[in-house]
A.B. asks: 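One structure, pasted below without further comment.
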Amino acid sequence: MQGTELVLKALHARGVKYIFGYTGGAIMPVFDEMEKQQLFTFVMPRHEQGATFMAQGLSRASISTDNPQVGVCMSTSGPGAMNLVTGIADAHMDSVPIVAITGQVATGVIATDAFQESDVVGVMMPICKQTYMPLAAEEIEKTIHEAFYVATTGRSGPVVIDIPKDVQIQQTVKSYHFNPRSFRPELPGFFYHPSPERDVLHRAIGMINRSERPVMFCGHGVIASNAGAMLQEFAEKTNIPIAFTLHGLSALPADHPLSLGMMGMHGTVEANRAVMNADLIISFGMRFDDRVTGKLNEYAKNADVIHVEIDPSELDKNVRTTVAINADVYRTLHVMLGDPELIFKPRRRWLQEIAANRELVREDVAAEVAAGVGKGGKLLMKSIVSRLSDITEGRDIVVPDVGQHQMIAARFYNFQTRNSWFTSGGAGTMGCSLPMAIGAKLARPDERVWSISGDGGFQMNIQELGTVMEQKTDVKIMIFNNGYLGMVRQWQTLFFDGRFAGTPMQSPDYGMIANAYGIPYQKVTELDQVDGAIRAAIAHDGAYMLEFVCDPSEIVLPMIPSGGGFGDMIVSRPGD
């Protein structure tokens, strides 16, 4: 049996259906064997980076289905492997399990600067959970099964396997066989499934029962452990409001009475002020990054902190905890919900305070959304997202890119479907939306998927329209074109005296580009065209592109300035 057969046999045993990749000299033997076997659906991006985001979309969307899958991407050595770096780093920051397999030059010429050689293991080591380089065909199958185990166990993340070309074509004895069901990797120091300790949970429940102004945080760990319904039950049982990280959105319905919306730099007034005034924070599956906390020495000064987190390295890393629970969110909530000592408290004064904060900007925001246009009669992104939310009843999958439109979508889409929001958070990678949406659609083909991008991010991976065309992927594409890198422009408006250095940008004729790829297209310039355009995209069986000409002066508020604290939150535009 040849090494290439072992690669594909192991992937097939792991339930892999799709492989996203781009061929080349050092990975050609694996692709040749894949063509012979016809066991997988091969999806070719137009750039290797696209393969990593397609793999991410597949992993993230499928985790809440009956058939969870780990996205797999492949590339050749050298430039092919290096083009995977951004997407792998992105998956690492956002704890998304993917397996990347790269070809490498033959073992005999490694470290000789051979044609298309690069130190894949060295480059990838800091930006993924684990890297492997099997040096004999007999190691391949075990390596792949271990890679999948590592990628999906504990805090999920990407794993990279770099396979030299001569190892791929090496022969093994015919009797060689690997049993994935009985396989248990020997990984000293790798703590597989931490369970919550009873005495620690008892302390946490006592604190929850005594608190008068508690707030819960819903992070990506809630999504990753499929614990959204359980968190909702816990919130209702204890009568505690919930604030969301960017990746915690869609864990439960956005319009739930206890939902405060997103917190942090572009969080809602009610969420951020609840954090400021809380006496207890109960954090589920999040890492207290700087976009959530702002200035650490001012963060939640009067609150005790209960932190539930599967990765022990995150406990007490940024925010000191009162009770640290190193465990899976689902298991923790399951045990806490079953504890007879957990009680319901009215907390009327606290909830009234939150309701008052919610009303502070409600009328102003509602008026702006209703107006729908800004300077020069150009469309407002928040109005477009609000109309999309109303028309779809908040039930569709939304995959934004990175920037202003991302924060606006997070704020104004009324999520009703669990695990329906996928974006780049920790790395903030522009260009992620379109390829990630392709992967999400493959994972959940019966659901509608919207790729929402600014004109800047869309042009970074515009070539993936070729993948949409070739695969006939039914992704609805929205481009918010304001002629600028909008989020940077907003910072320049607020903090750099309106000097727009490096942010104005021209766009091509998106209609001609859409036509070249055989994708129907509409350009929307008037408010009364918005609903009809969205409905036309929905009605069309297949991909559809909408370009909205938007007001470049629109800004996203509230906003906590970088390096500022929650007390520095800007709730209205200076001068308004």
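It should be emphasised that the depicted structure is a prediction, and the values quoted were computed from it without experimental measurement.
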A.B. asks: For Ala251, is there any backbone N or O sitting under 3.5 Å from a side-chain donor or acceptor partner on Trp421?
C.D. replies: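 Not a single qualifying donor-acceptor pair exists.
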A.B. asks: May I ask you to decide if the ring planes of His220 and His247 are parallel, tilted or perpendicular, using 30° and 60° as cut-offs?
C.D. replies: tilted
A.B. asks: Is a side-chain donor or acceptor of Lys476 paired with a backbone partner of Gly542 at a separation under 3.5 angstrom?
C.D. replies: yes
A.B. asks: If we ignore angles and hydrogens, is there a donor and acceptor under 3.5 Å between the side chains of Glu464 and Thr467?
C.D. replies: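 Short answer, yes.
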A.B. asks: Under the criterion side-chain hydrogen bond (donor to acceptor under 3.5 Å, both in side chains), I'd like the reasoning laid out for Gln490 against Gln404: C-alpha separation, chi angles, the key distance, then a yes or no.
C.D. replies: CA-CA 8 Å; Gln490 172 167 326; Gln404 271 187 320; 2.9 Å; yes
A.B. asks: Determine yes or no for a side-chain-to-main-chain donor-acceptor pair under 3.5 angstrom, with Asp455 supplying the side chain and Asn481 the backbone.
C.D. replies: no
A.B. asks: Should we count CG of Asp541 as having more than 12 external heavy atoms under 6.0 Å?
C.D. replies: no
A.B. asks: Under a plain distance cut-off of 3.5 Å, with no hydrogens placed, do Asp162 and Gln104 share a side-chain donor-acceptor pair?
C.D. replies: yes
A.B. asks: Is the positively charged end of Arg60 above the ring of Phe422, judged by distance under 6.0 angstrom from the centroid and angle within 45° of the axis?
C.D. replies: no
A.B. asks: Please tell me whether Gln471 and Thr473 have a donor and an acceptor in their side chains that are separated by less than 3.5 angstrom.
C.D. replies: no
A.B. asks: Hey, what do you get for CD (Glu35) to OG1 (Thr23), rounding to the nearest 0.5 Å?
C.D. replies: 11.0 Å
A.B. asks: Quick one about Asn419 and Ser250 (side-chain donor to acceptor, distance below 3.5 Å, no hydrogens or angles considered), yes or no?
C.D. replies: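 Short answer, no.
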A.B. asks: Between the main-chain N or O of Thr52 and the side-chain N or O of Gln56, is there a donor-acceptor pair closer than 3.5 Å?
C.D. replies: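 Between the backbone of Thr52 and the side chain of Gln56 there is no qualifying donor-acceptor contact (under 3.5 Å).
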A.B. asks: Run His266 and Arg411 through side-chain hydrogen bond (donor to acceptor under 3.5 Å, both in side chains) and show every step you take.
C.D. replies: CA-CA 8 Å; His266 288 288; Arg411 287 280 312 283; over 6 Å; no
A.B. asks: Please identify which of these residues, Ile452, Val385, Ile408, meets the side-chain contact (heavy atoms from CB on, under 4.5 Å) condition with Tyr413.
C.D. replies: Val385
A.B. asks: Heavy-atom distance under 4.5 Å between the side chains of Phe548 and Val530, does that happen here?
C.D. replies: yes
A.B. asks: Between Glu554 and Asn482, does any side-chain donor sit less than 3.5 Å from a side-chain acceptor?
C.D. replies: no
A.B. asks: How about Ser389 and Asn414: does a side-chain donor come under 3.5 Å of a side-chain acceptor?
C.D. replies: no
A.B. asks: Just do the side-chain hydrogen bond (donor to acceptor under 3.5 Å, both in side chains) check on Ser433 and Ser451 with the steps written out, would you?
C.D. replies: CA-CA 6 Å; Ser433 173; Ser451 166; 2.7 Å; yes
A.B. asks: Should the pair Glu470-Arg46 be classified as a salt bridge under the 4.0 Å nitrogen-to-oxygen rule?
C.D. replies: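 Arg46 and Glu470: salt-bridged.
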A.B. asks: Atom CD1 in Ile310, atom OG1 in Thr153: separation rounded to 0.5 Å?
C.D. replies: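 If we round to the nearest 0.5 Å, Ile310:CD1 and Thr153:OG1 are 9.0 Å apart.
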A.B. asks: For His540, I'd like to know if atom NE2 has over 12 heavy atoms of other residues, nucleotides or ligands within 6.0 Å.
C.D. replies: yes
A.B. asks: Kindly check if the number of other-residue, nucleotide or ligand heavy atoms within 6.0 Å of OH (Tyr510) is above 12?
C.D. replies: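 Counting other residues, nucleotides and ligands, OH of Tyr510 exceeds 12 neighbours.
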A.B. asks: In this structure, is the centre-to-centre distance between the rings of Phe53 and Phe20 below 6.0 Å?
C.D. replies: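 No; Phe53 has its ring centre 6.0 Å or more from that of Phe20.
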A.B. asks: Does CD in Gln38 sit with more than 12 non-hydrogen atoms of other residues, nucleotides or ligands closer than 6.0 Å?
C.D. replies: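 Yes, because the 6.0 Å sphere around CD of Gln38 holds more than 12 heavy atoms from other groups.
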A.B. asks: Hey, could you give me the OH/CE distance between Tyr521 and Met545, rounded to the nearest 0.5 Å?
C.D. replies: 8.0 Å
A.B. asks: For a side-chain hydrogen bond (donor to acceptor under 3.5 Å, both in side chains) check, start with the C-alpha distance between Gln492 and Thr503, then their side-chain angles and the critical distance, and finish with the verdict.
C.D. replies: CA-CA 9 Å; Gln492 291 168 333; Thr503 48; 2.9 Å; yes
A.B. asks: Could you walk me through whether Phe31 and Phe42 satisfy the ring pair (Phe, Tyr, Trp, His ring centres under 6.0 Å) test, starting with their C-alpha distance in whole Å, then the side-chain angles of each, then the deciding distance to 0.1 Å, before giving a yes or no?
C.D. replies: CA-CA 10 Å; Phe31 274 70; Phe42 173 65; 5.2 Å; yes
A.B. asks: Among residues at least two apart in sequence or on other chains, which ones pass ring-ring contact (aromatic ring centres under 6.0 Å, His included) with Phe148?
C.D. replies: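 By the ring-ring contact (aromatic ring centres under 6.0 Å, His included) rule, Phe148 matches no residue at all.
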A.B. asks: State, without any angle test, whether Glu146 and Tyr132 hold a side-chain donor-acceptor pair at a distance under 3.5 Å.
C.D. replies: yes
A.B. asks: Using the side chain to side chain donor-acceptor pair (under 3.5 Å) criterion, which residues pair with Tyr544? Sequence neighbours excluded.
C.D. replies: Gln522
A.B. asks: Once rounded to the nearest 0.5 Å, what's the spacing between atom CD1 of Ile538 and atom OG1 of Thr392?
C.D. replies: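 Output value for this atom pair is 6.5 Å.
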A.B. asks: Test side chain to side chain contact (heavy atoms under 4.5 Å, CB included) on Leu135 and Thr107 and set out the steps.
C.D. replies: CA-CA 8 Å; Leu135 296 176; Thr107 54; 4.1 Å; yes
A.B. asks: Is the side chain of Ser420 donor-acceptor paired with the backbone N or O of Ile397 at a distance under 3.5 Å, no angle test?
C.D. replies: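 Not at all, since once roles are kept as given, no pair shorter than 3.5 Å links the two residues.
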A.B. asks: Can you sort out the partners of Asp396 under salt bridge (Lys or Arg N to Asp or Glu O under 4.0 Å), two or more places apart, ordered by chain and number?
C.D. replies: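 With sequence neighbours excluded, Asp396 shows a salt bridge (Lys or Arg N to Asp or Glu O under 4.0 Å) to Arg448, given in chain and number order.
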A.B. asks: Could you tell me which residues satisfy salt bridge (Lys or Arg N to Asp or Glu O under 4.0 Å) with Asp311, sequence neighbours excluded, listed by chain and number?
C.D. replies: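 Testing Asp311 for salt bridge (Lys or Arg N to Asp or Glu O under 4.0 Å), a comparison that skips the adjacent residues, returns Arg155.
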A.B. asks: Quick check: does any side chain N or O of Ser156 sit under 3.5 Å from a backbone N or O of Pro97, one acting as donor and the other as acceptor?
C.D. replies: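 No, because the side chain of Ser156 does not come within donor-acceptor range (under 3.5 Å) of the backbone of Pro97.
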A.B. asks: Could you tell me whether the side chain of Ser62 and the main chain of Pro68 form a donor-acceptor pair under 3.5 Å?
C.D. replies: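 Here the side-chain-to-backbone pair does not exist.
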A.B. asks: Have Asp401 and Gln406 got a donor and an acceptor in their side chains that come within less than 3.5 Å?
C.D. replies: no
A.B. asks: Any sub-3.5 Å donor-acceptor pair from Thr172's side-chain atoms to Met1's backbone N or O?
C.D. replies: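 Yes; judged by distance alone, with no hydrogens or angles, the pair exists.
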A.B. asks: Can you name the residues that form a side chain to side chain donor-acceptor pair (under 3.5 Å) with Gln37, not counting sequence neighbours?
C.D. replies: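 So Gln37 forms a side chain to side chain donor-acceptor pair (under 3.5 Å) with Glu33.
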A.B. asks: Report yes or no: do Asn67 and Thr65 form a side-chain donor-acceptor pair below 3.5 Å?
C.D. replies: no
A.B. asks: Rounded to the nearest 0.5 Å, what separates atom CE in Met124 from atom CD1 in Ile161?
C.D. replies: 12.0 Å
A.B. asks: Side chains of Gln116 and Thr76: donor-acceptor distance under 3.5 Å anywhere?
C.D. replies: no
A.B. asks: To the closest 0.5 Å, what do you measure between CD (Gln168) and CG (Leu6)?
C.D. replies: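 That separation rounds to 11.5 Å.
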A.B. asks: Is the backbone of Pro134 close enough, under 3.5 Å, to the side chain of Thr143 for a donor and an acceptor to pair up by distance?
C.D. replies: no
A.B. asks: For Val70, does its backbone N or O pair with a side-chain atom of Ser59 as donor and acceptor, under 3.5 Å?
C.D. replies: no
A.B. asks: State whether a side-chain donor-acceptor pair under 3.5 Å links Asn226 with Ser64.
C.D. replies: no
A.B. asks: Sequence neighbours excluded, which residues qualify as side chain to side chain donor-acceptor pair (under 3.5 Å) partners of Ser386?
C.D. replies: none
A.B. asks: Answer yes or no: does atom NZ of Lys129 have more than 12 heavy-atom neighbours from other residues, nucleotides or ligands under 6.0 Å?
C.D. replies: yes
A.B. asks: Do Tyr484 and Phe500 have ring centres separated by under 6.0 Å?
C.D. replies: yes
